[in-house]
K.L.:
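Take this structure first; my questions come after.
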There are 2 protein chains.
Amino acid sequence: MGDKHILGDLQHAIMRVLWAEGEATVARVQEALEEDRDRALTTIATMLVKMEKKGIVGHRSEGRQFVYRALISETDVQRSMVGELTEMLFGGDVTALVSHLLSEQEIDDAELARLKAMIAEHRSKERRRGR
Amino acid sequence: MGDKHILGDLQHAIMRVLWAEGEATVARVQEALEEDRDRALTTIATMLVKMEKKGIVGHRSEGRQFVYRALISETDVQRSMVGELTEMLFGGDVTALVSHLLSEQEIDDAELARLKAMIAEHRSKERRRGR
DNA sequence: GCCCATCTACTACCCTGGTAGTAATACTGG
DNA sequence: CCAGTATTACTACCAGGGTAGTAGATGGGC
């Protein structure tokens, strides 16, 4: 679990389906991804096999279908990938990342207010936990 | 410039050297990256050729050496990659990313204080700009 | 002038993500 | 029972990042 969990676009899209649905067959995954782009069933199936080999999904048999499920959580992936990126782009400095978000990404007043609230929230939470 | 600019580890490491030094020969890049890991000179050279083909670096000849320089800024790359990741992991919701940072990444009190200050700063800046 | 060191050019791999066709197999409706 | 369909298994291929060897050119020292 302390692994790298760096996923590509398709892999991540597939994970999102599994996270949302808990379990899904290949056909179900393809169907869910259809709106996005039309991929062959075998594309999804092949990808799932590769992902299983990596240990990020597992499956059980139901009749002759495979029912896949995620073996890592969305938070795991977020942590891995955000951590990786923060390290690569900002030398691991989280505040540098936030600073970048503030100056380079469009953030409107409402979002800014939410951020402020979140930080206040977090602060009190930390304090309560006795840090 | 509105391109994708998604770089791998080595490419990014090379860019960091070019950003730091303005210009650098292949040998200089290798030397700068040596502490990190020992790579063959030709590895760096090949990578630079690929990067030039992508249009992210350029070179001029000095004697029989090539002197490379970056054609995109660090901010460009940060914007691309942070944007990409935010889209992929948080559906483009920047506050969700910050929320993740607060809850999942270790942030100490000092950093938190800096964040708070940054947000306040940013706020007044926006206001001053007349938004 | 010649040999050696230095550079780039070219070529070749490996790996992983992504995409999909084809083969084999098992099931199902008539 | 048999044909067609659904489903996985196997194989193949492309692209791009990463790594590096070998070849070829060129310049410097003696």
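Just so we're on the same page: letters track the sequence lines, and every chain starts at 1.
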K.L.:
Identify whether the distance between the nearest side-chain nitrogen and carboxylate oxygen of A:Arg69 and A:Glu23 falls below 4.0 Å.
P.N.:
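No.
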K.L.:
Distance check, rounded to the nearest 0.5 Å: B:Ile119 atom CD1 versus A:Leu115 atom CG?
P.N.:
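It is 4.5 Å, given to the nearest 0.5 Å.
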K.L.:
Rounding to a whole Å, what distance do you find between B:Glu52:CD and C:dT8:P?
P.N.:
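It is 11 Å, rounded to the nearest whole Å.
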K.L.:
Between D:dT7, C:dT19, D:dG18, which nucleotide gets closest to the side-chain atoms of A:Arg64?
P.N.:
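My answer, after comparing the listed nucleotides, is D:dT7.
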K.L.:
Base, sugar-phosphate or nothing for B:Val49? Non-hydrogen atoms, less than 4.0 Å.
P.N.:
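If one applies the 4.0 Å heavy-atom cut-off, B:Val49 turns out to touch nothing in the nucleic acid.
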K.L.:
Tell me: CD of B:Gln65 to C1' of C:dA5, nearest whole Å?
P.N.:
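My rounded result for the distance is 13 Å.
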K.L.:
Under a 3.5 Å threshold, yes or no: a donor from one side chain and an acceptor from the other, between B:Lys54 and B:Gln11?
P.N.:
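The criterion, which ignores hydrogens and geometry beyond distance, is satisfied for B:Gln11 and B:Lys54.
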K.L.:
So, does the side chain of B:Lys50 form a donor-acceptor pair with the base of D:dG18 at under 3.5 Å?
P.N.:
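Pair found.
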K.L.:
Please confirm whether the shortest side-chain N or O distance from B:Thr42 to OP1 or OP2 of D:dG21 is below 4.0 Å.
P.N.:
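Answer is no, no contact under 4.0 Å.
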K.L.:
Please state whether the phosphate of D:dG16, meaning OP1 or OP2, lies under 4.0 angstrom from any side-chain nitrogen or oxygen of B:Lys54.
P.N.:
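B:Lys54 to D:dG16 OP1/OP2: no side-chain N or O under 4.0 Å.
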K.L.:
Which nucleotide, D:dT7, C:dA9, C:dT19, lies nearest any side-chain atom of B:Phe66?
P.N.:
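Within the option list, the nearest is C:dA9.
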K.L.:
Please tell me if B:Thr46 has a side-chain N or O lying less than 4.0 Å from either OP1 or OP2 of D:dT19.
P.N.:
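Indeed not, no polar side-chain atom of B:Thr46 lies that close.
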K.L.:
Specify the separation, in whole Å, of atom CG of A:Leu41 and atom P of D:dA6.
P.N.:
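Value for this atom pair: 10 Å.
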K.L.:
A:Lys4 has an atom NZ; how far is it from atom C1' of C:dC15, in whole Å?
P.N.:
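Interatomic distance, NZ of A:Lys4 to C1' of C:dC15: 16 Å.
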K.L.:
Without decimals, in angstroms, what is the distance between B:Asp36 CG and D:dG18 C1'?
P.N.:
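Spelled out: CG on B:Asp36 to C1' on D:dG18 is 13 Å.
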K.L.:
Rounding to a whole Å, what distance do you find between A:Glu34:CD and C:dT19:P?
P.N.:
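Interatomic distance, CD of A:Glu34 to P of C:dT19: 14 Å.
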K.L.:
Name the nucleic acid region contacted by B:Ala45, choosing base, sugar-phosphate or nothing; use a 4.0 angstrom heavy-atom cut-off, strictly under.
P.N.:
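The residue B:Ala45 makes no contact with any strand.
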K.L.:
Mind checking if A:Lys53 touches a base, just sugar-phosphate, or nothing, with heavy atoms under 4.0 Å?
P.N.:
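Touches nothing.
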K.L.:
Whole angstroms only, please: what is the CG-C1' distance between A:Leu10 and C:dT16?
P.N.:
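In whole Å, C:dT16 C1' and A:Leu10 CG are 13 Å from each other.
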K.L.:
Report the distance from atom CD1 of B:Ile14 to atom OH of B:Tyr68, rounding to the nearest 0.5 Å.
P.N.:
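It is 9.5 Å, given to the nearest 0.5 Å.
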K.L.:
Rounded to whole Å, how long is the line connecting atom CD1 of B:Ile56 with atom P of D:dG17?
P.N.:
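Rounded to the whole Å, the gap is 8 Å.
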K.L.:
Return the orientation label for the B:His12 and B:Trp19 ring planes: parallel under 30°, perpendicular over 60°, tilted otherwise.
P.N.:
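Rings of B:His12 and B:Trp19: perpendicular, over 60°.
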K.L.:
If you only use heavy atoms from C-beta on, which nucleotide in D:dT19, C:dT8, C:dG17 is closest to the side chain of B:Val26?
P.N.:
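For B:Val26, the side-chain atoms sit closest to C:dT8.
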K.L.:
Which residue lies toward the 5' end of DNA chain C, A:Ile44 or B:Tyr68, if each is placed at its nearest nucleotide?
P.N.:
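It is B:Tyr68, whose closest nucleotide lies nearer the 5' terminus.
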K.L.:
Just to confirm, is there a sub-4.0 Å distance from OP1 or OP2 of C:dG18 to any side-chain nitrogen or oxygen of A:Arg37?
P.N.:
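So the side-chain polar atoms of A:Arg37 never come under 4.0 Å of the phosphate oxygens OP1 or OP2 of C:dG18.
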K.L.:
Evaluate side chain to side chain contact (heavy atoms under 4.5 Å, CB included) for B:Gln78 paired with A:Glu104, printing each intermediate quantity in order.
P.N.:
CA-CA 9 Å; B:Gln78 286 169 344; A:Glu104 299 297 329; 5.9 Å; no
K.L.:
What nucleotide among D:dT8, D:dG17, C:dT19 has an atom nearest to a side-chain atom of B:Met47?
P.N.:
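When the side chain of B:Met47 is considered, D:dG17 is the closest of D:dT8, D:dG17, C:dT19.
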K.L.:
I want to confirm an ordering. Mapping B:Thr25 and A:Gly8 to their closest nucleotides on DNA chain C, which one lands closer to the 5' end?
P.N.:
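Taking each residue's closest nucleotide, the earlier one in sequence belongs to B:Thr25.
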